[in-house]
Amino acid sequence: MKEEINLLPPAFQKLRRRRIYLVRIGELMRRIDFVIILIGIVFVALYGALFSLQANLERKLAAAGTTEQSTEERVRSVNELLTAVHSRTVPVLPWMPGVGQIIQLLPPSIVLTELRLDEVKNVLTIQGIFSDRQAIVKFEQEVAALPWVEKVEAPLRNFATGEKTEFTFTVTRKIKKP
């Protein structure tokens, strides 16, 4: 300490020195408190970051597990769909080339709106719209002339005239005898 001019009595001088020491110790304690608080803040920040990383890792692991599950579910649903398509198309396969031939015979003035297959009756129903009466008559004759067609039924209303007139044909397939 510097030598000071001290006009205080000796008893008070001693108290003053104690007070200066206590003030300095108090400042030191505040600095130590600041360092402890700073260390605590750093600790809380690191703990928060660790907790966040752990939660993120757990979410990713859980998502990976559900991804495997959802992938298995997708594969299962695709397999079910393929089985359903296969079971529906196997009986229809004899009709497939014939349907292609019918579509190739379509003139531009005829628009198909529906093709319906009745496997039990062995009948294909063709519905659509036409704008040219001669084209629909020719189309019916060409379908009837196909080698696999047994008969074509066309209601009389198919031969009405007018723009965008609807038609319906019922095509019966020849049954092959073994």
Side-chain angles (χ1 to χ4, degrees), residues 38 40-178:
L38 188 62
I41 290 172
V42 169
F43 177 74
V44 168
L46 289 175
Y47 183 75
L50 179 66
F51 181 75
S52 173
L53 289 173
Q54 184 178 4
N56 191 17
L57 178 64
E58 288 174 1
R59 268 187 266 127
K60 286 184 179 180
L61 290 175
T66 57
T67 301
E68 290 175 13
Q69 242 178 358
S70 64
T71 303
E72 290 176 11
E73 290 172 5
R74 285 187 208 142
V75 168
R76 196 173 301 119
S77 69
V78 167
N79 285 342
E80 290 171 0
L81 177 65
L82 289 175
T83 303
V85 167
H86 180 69
S87 66
R88 299 265 318 178
T89 57
V90 168
V92 178
L93 287 178
W95 281 95
M96 296 314 278
V99 170
Q101 290 174 348
I102 290 174
I103 291 173
Q104 287 178 348
L105 294 175
L106 281 173
S109 60
I110 298 176
V111 177
L112 290 184
T113 56
E114 183 177 352
L115 289 171
R116 188 176 337 121
L117 177 63
D118 185 349
E119 299 167 29
V120 176
K121 295 179 183 177
N122 202 27
V123 169
L124 176 69
T125 304
I126 305 169
Q127 292 181 346
I129 300 171
F130 68 93
S131 58
D132 182 13
R133 185 176 182 277
Q134 293 173 346
I136 197 72
V137 170
K138 183 179 178 191
F139 178 64
E140 179 196 4
Q141 292 170 351
E142 288 175 348
V143 170
L146 290 171
W148 54 269
V149 174
E150 184 176 323
K151 67 178 177 178
V152 176
E153 294 177 12
L156 290 176
R157 71 178 180 88
N158 286 351
F159 303 106
T161 57
E163 274 188 48
K164 296 187 178 181
T165 306
E166 294 183 0
F167 72 91
T168 302
F169 289 145
T170 305
V171 179
T172 306
R173 184 178 183 81
K174 289 181 183 175
I175 298 175
K176 295 180 182 177
K177 295 182 182 174

Walk me through whether Ile102 and Leu124 qualify under side chain to side chain contact (heavy atoms under 4.5 Å, CB included). CA-CA 11 Å; Ile102 290 174; Leu124 176 69; 3.8 Å; yes

Would you please test Gln101 and Trp148 for side chain to side chain contact (heavy atoms under 4.5 Å, CB included) and show each step? CA-CA 10 Å; Gln101 290 174 348; Trp148 54 269; 2.5 Å; yes

Could you go through Leu146 and Val171, starting from their C-alpha distance and side-chain angles, then the distance that decides it, and tell me whether this counts as side chain to side chain contact (heavy atoms under 4.5 Å, CB included)? CA-CA 11 Å; Leu146 290 171; Val171 179; over 6 Å; no

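Heavy atoms only, all atoms of each residue included: Val149 and Lys174 are closest at O-CE, 3.3 Å. Across Glu140 and Val152, no two heavy atoms sit closer than the pair CG-CG1, 4.0 Å. Across all their heavy atoms, Thr168 and Gln127 have their closest contact at OG1-CG, 3.7 Å.
Distance OG1/Thr172 to CD/Glu153: 5.5 Å, rounded to 0.5 Å. Annotation: the span from Ile129 atom CD1 to Ile136 atom CD1 amounts to 11.0 Å, rounded to 0.5 Å. The distance from the CD1 atom of Ile110 to the CD1 atom of Ile126 is 10.0 Å, given to the nearest 0.5 Å. To the nearest 0.5 angstrom, Glu166 atom CD is 10.5 Å from Glu114 atom CD.
Using a 4.5 Å cut-off on side-chain heavy atoms (C-beta onward), Phe167 and Leu112 make contact. With a 4.5 Å cut-off on side-chain heavy atoms, Phe169 and Phe139 count as touching.
Not one N or O on the side chain of Asp118 forms a donor-acceptor pair closer than 3.5 Å with the backbone of Val123. Not a single donor-acceptor pair under 3.5 Å links the side chain of Ser109 to the backbone N or O of Ser131.
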